Structure formats: structure tokens, C-alpha cells
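For the numbers below, each heavy atom of this structure counts, side chains included, while hydrogens, waters and symmetry mates do not. Just so it is clear, the model here is predicted, and its values are computed rather than measured.
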Amino acid sequence: MPKDEQSSDLNLDLIQMVQNARMLHDATARPSDLAAVYWIEAKRREGDYPAPTAQAGEWRIPLTAASVDAVWERVKALTVAGELGYKSKVSTRPAAGQADPAERLLCVRTYDARDSKDVERVGEALRKIGLIGLDYVVDKF
């Protein structure tokens with residue numbers, strides 16, 4: 001195997017190992033207990049769902065520091081069970097320059113903003129668990 005190909009394979013293996021370790025960490029992490037990392041994530045493990053496209057989008061929900069742990073547990077469980085999009089994440093601290101230091105951000109990503117049925121399905125699932133103030137954003141991730 002040429003040296004460049006071998007190096008590329010090793011890099012991909014290392015990236016996968018780091019991602020797996022991160023997901024193991026995030027599986028039990030509580031947003032209020034962490035400040036060393038800005039986001040913790042949950043990924044879909046159940047059910048079929050398309051891979052993210054260049055038109056992926058996300059539902060963004062502002063939360064308070066007081067409510068973030070309880071809401072995250074519910075959203076994380078729904079994400080892993082395949083009832084939301086392909087990934088969810090939550091901030092563990094306020095963003096730099098954020099007006100309200102007690103605010104946290106929850107993001108639930110969908111694979112393609114052009115799939116309005118899927119976008120609305122995820123939004124309805126979030127509303128069903130009591131989340132309001134939802135904002136859908138199409139971004140280049």
C-alpha cells in the first residue's frame with residue numbers, strides 16, 4: 001500500500017476512535033456538569049434515516065440553565081430511539097458575548113431542509129414534549 005494511502009487509512013481510524021470515545025462520554029454527560037466542552041451530542045441509533053445533505057438544517061431551542069438537564073435527557077432519548085433527526089446537541093455553557101449567561105441552546109438536526117414533511121415531523125415531536133420557541137435554521141454545517 002502506498003504511504004499516502006496508508007496514512008489516510010490511519011487518520012480515518014483515529015478519527016473514528018475519537019468520535020466513538022466522544023459518543024461514549026456524551027451518552028452519560030449532563031450539560032450542567034460540564035464546561036470543558038461546549039457541546040454534548042446524541043446520535044440516532046435506531047431506525048433508518050437518510051444521511052445529512054448539504055442542505056441539512058436544525059431546530060434551535062433556547063433553554064435555561066435550570067431546565068437544560070431534564071430537557072436534554074428527553075431529547076437525547078428520542079434522538080437515540082430514532083424519533084427525531086440524525087443528531088441532537090446541547091450547549092453546556094453560554095456562548096461568548098451571549099446576553100443571558102443562564103441561556104443554553106438545544107439543536108436537533110434534520111438531514112435536509114427541503115424535506116418539509118421530515119422537518120415538520122421533528123418539530124411536532126419537539127412540541128409534543130413541551131418545547132416552544134422553536135426556530136428552524138438552514139445552515140452549512
What heavy-atom pair brings [X] and [Y] nearest, and what distance separates the two atoms?
X	Y	result
A29	E73	O-OE2, 4.4 Å
S88	T79	OG-OG1, 2.6 Å
P62	G133	CD-O, 3.5 Å

Would you say [X] and [Y] make side-chain contact, with heavy atoms under 4.5 Å?
X	Y	result
W59	D135	no
W39	L105	yes
V138	Q55	yes
C107	V90	no
I61	L63	yes
L126	L84	yes

Task: Pairs satisfying salt bridge (charged side-chain N to carboxylate O under 4.0 Å, His left out), at least one member in residues 80-96, at least two apart - done: E41-K87
TODO: Flag yes if L134 and V71 sit in one hydrophobic cluster, no otherwise; membership is Ile, Leu, Val, Met, Phe, Trp, Tyr, and two members link when side-chain heavy atoms are under 4.5 Å apart.
DONE: yes
- [ ] Return yes if a side-chain donor-acceptor contact under 3.5 Å exists between T110 and D118, otherwise no.
- [x] no
Open item on the list: When you measure from the centre of the six-membered ring of Y86, is the NZ or CZ of R44 closer than 6.0 Å and no more than 45° off the axis?
Closed with: no
